[in-house]
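Take a look at the structure set out below.
Per chain, numbering begins at 1; letters A, B, ... match sequence-line order. Since the model is a prediction, treat every value here as computed from it, not as a measurement.
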Protein chains: 2
Amino acid sequence: MSEMMEQWLTELLNVNDKEEAKMTEKQIKILKAAVEIFSEKGYAASSTSEIAQKAGVAEGTIFRHYKTKKDLLISIVAPTVSKLIAPFVLKDFNKVLEAPYPKYEDFLRAVIKNRMEFARNNLQILKILIQEIPFQPDLRENFKQSIGKQVLERITKVVERYQKEGTIISIPPLSVIRLSVSTIIGFFLARFILFPELDWDEELETELTIDFIMHGLSPRYE
Amino acid sequence: MSEMMEQWLTELLNVNDKEEAKMTEKQIKILKAAVEIFSEKGYAASSTSEIAQKAGVAEGTIFRHYKTKKDLLISIVAPTVSKLIAPFVLKDFNKVLEAPYPKYEDFLRAVIKNRMEFARNNLQILKILIQEIPFQPDLRENFKQSIGKQVLERITKVVERYQKEGTIISIPPLSVIRLSVSTIIGFFLARFILFPELDWDEELETELTIDFIMHGLSPRYE
DNA sequence: ATTTAAAATGAGTGATTACTCACTTTACAG
DNA sequence: CTGTAAAGTGAGTAATCACTCATTTTAAAT
């Protein structure tokens with residue numbers, strides 16, 4: 001079950017990797033430079049002239065490909081948002097979860113491992129995303145719509161199913177999701193953003209995290 | 001016990017409230033305007049002219065009181081950092097926790113309720129703090145030093161004591177802290193930043209959060 | 001009423017900003 | 001080789017930026 005899910009999850013990750021297809025060499029350099037500078041200094045504090053300089057390109061070239069500076073930002077972040085939630089939007093999402101003997105624990109483990117790898121490979125862009133979502137209504141709206149309708153509904157059903165099975169405690173599904181997501185994202189932030197310099201036993205901490213969530217959500221006995 | 005701790009926690013909050021003492025009327029207006037604009041558009045995207053305008057003050061007045069724009073930022077955020085960690089730096093911190101029959105649960109409840117109230121009253125500044133910590137080395141250093149030496153060490157000891165008592169599971173204390181803090185901060189972010197428009201049953205969610213942490217950290221039986 | 005220092009002002013500073021555009025270079029189809 | 005459209009250029013633009021400073025206003029002590 002776990003293997004099946006992981007395989008399925010990882011599959012979709014490489015779907016949209018036909019980007020950079022029609023891109024010029026210099027355009028790619030611009031994107032890479034922009035990602036570095038944006039993540040380093042923040043969007044508002046980054047100047048197009050600095051991006052051009054780091055990309056080894058004339059400033060005008062940037063505006064050939066991207067109408068505005070904000071357009072450049074969106075072009076960087078938007079595809080990553082899609083990829084981020086891609087596994088949860090899969091049409092086969094439900095099928096996999098309705099397999100014979102799935103456990104919430106397996107679901108968690110698959111999600112954590114898979115999305116951790118994704119985070120590791122898209123650290124800078126995710127950092128930009130987190131930083132700019134509060135200030136860019138476009139991004140915010142895009143994100144809320146994607147997450148809200150597609151992902152939240154599906155995961156809510158997953159939670160409700162596990163609750164009926166008696167696998168996890170009967171509290172509002174949104175609370176279950178909140179507690180799970182908090183723990184997982186907290187793990188990611190600590191691992192990659194806040195204390196990346198610590199030598200993490202990633203395998204151990206992953207299991208501790210899953211164990212924490214599972215026991216935290218397991219039914220109570222008097 | 002719980003009452004004792006809460007009282008003690010809340011006491012210290014009002015200690016440093018002798019600010020705004022030697023401040024001019026216009027200086028206060030500047031601070032308030034800056035807080036609003038910074039939290040709304042982000043530090044880098046805010047202009048001193050806009051702050052001056054919103055404060056009903058000449059732009060030069062800002063620089064009478066604050067050498068630079070960054071100085072204005074620090075003057076806003078730094079005191080809030082101190083207040084934020086104030087309860088954990090108290091000299092009587094240990095005494096309270098070593099009282100007769102303290103439970104980790106009581107400790108959590110006191111901290112959550114108290115710091116939640118603090119968050120509610122300092123939402124905008126905390127938002128600025130979160131946003132700017134990655135980009136302001138001064139703030140980052142100040143924060144890390146305060147938290148790292150003072151708070152982390154103390155809480156680590158608290159955790160270790162509960163572990164010896166058998167109240168919570170025997171895993172690395174840092175992991176205990178990570179999991180607890182993730183859950184609590186996740187609660188705060190969801191409540192105040194991400195979905196403040198939802199009508200929260202704050203009392204219920206607080207207890208769910210405590211319950212989740214306690215069961216997640218309780219010793220395991222085979 | 002006079003003195004005096006702090007508070008406040010706002011026009012002015014050079015630097016930097018995102019962005020434009022007339023022009024040159026490149027790449028490739030015929 | 002030639003024609004042409006796309007890619008790339010960089011000097012130039014007005015606007016805005018954080019910050020200065022000579023001057024005026026305010027307020028409190030004498």
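- In summary, B/K144 and B/E141 do not engage in a salt bridge, as defined by a charged side-chain N under 4.0 Å from a carboxylate O.
- Distances shorter than 4.0 Å separate none of the side-chain N or O atoms of B/K26 from OP1 or OP2 on C/dA8.
- Applying the salt bridge (Lys or Arg N to Asp or Glu O under 4.0 Å) definition to pairs two or more places apart or across chains, those involving residues 178-188 of chain A are A/R178-B/E205.
- Between B/K157 and B/E153, no side-chain nitrogen of the basic residue sits less than 4.0 Å from a carboxylate oxygen of the acidic one, so the salt-bridge criterion is not met.
- For DNA chain D, the span of nucleotides reached by chain A at under 4.0 Å from its heavy atoms goes, 5' to 3', from D/dA7 to D/dG10.
- A cation-pi arrangement is absent between A/K127 and A/F192, since the terminal nitrogen or guanidinium carbon is not both under 6.0 Å from the aromatic centre and inside a 45° cone about the axis.
- By the side-chain contact (heavy atoms from CB on, under 4.5 Å) test, B/Q53 is found to be paired with no residue, residues two or more places apart in sequence or in another chain being considered.
- Counting only residues at least two apart or in different chains, salt bridge (Lys or Arg N to Asp or Glu O under 4.0 Å) contacts with residues 182-191 of chain A comprise A/R191-A/E202.
- The OG1 atom of A/T48 sits 5.5 Å away from atom CD1 of A/I62, with the distance rounded to the nearest 0.5 Å.
- Under a 3.5 Å cut-off, the side chain of A/Y43 and the backbone N or O of A/K70 do form a donor-acceptor pair.
- Salt-bridge formation is not detected for the pair A/E59/A/R64: no Lys NZ or Arg NE/NH1/NH2 atom is positioned less than 4.0 Å from an Asp or Glu carboxylate oxygen.
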What's touching nucleotides 20-27 of chain C from the protein side, N or O pairs under 3.5 Å?
{"residue": "C/dA22", "atom": "N6", "partner": "A/R64", "partner atom": "NH2", "Å": "3.2"}

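- Within residues 43-52 of chain A, the residues that place at least one heavy atom under 4.0 Å from DNA chain C are, in residue-number order, A/S46, A/S47, A/T48, A/S49.
- Distance, B/K29 NZ to C/dA8 P: 10 Å, rounded to whole Å.
- Atom CD in A/Q53 sits roughly 13 Å away from atom P in C/dA18 (whole-Å rounding).
- Distance B/I62 CD1 to C/dG10 P: 13 Å, rounded to the nearest Å.
- Note: A/F212 and B/F212 have perpendicular aromatic rings, judged against thresholds of 30 and 60 degrees for the angle between ring planes.
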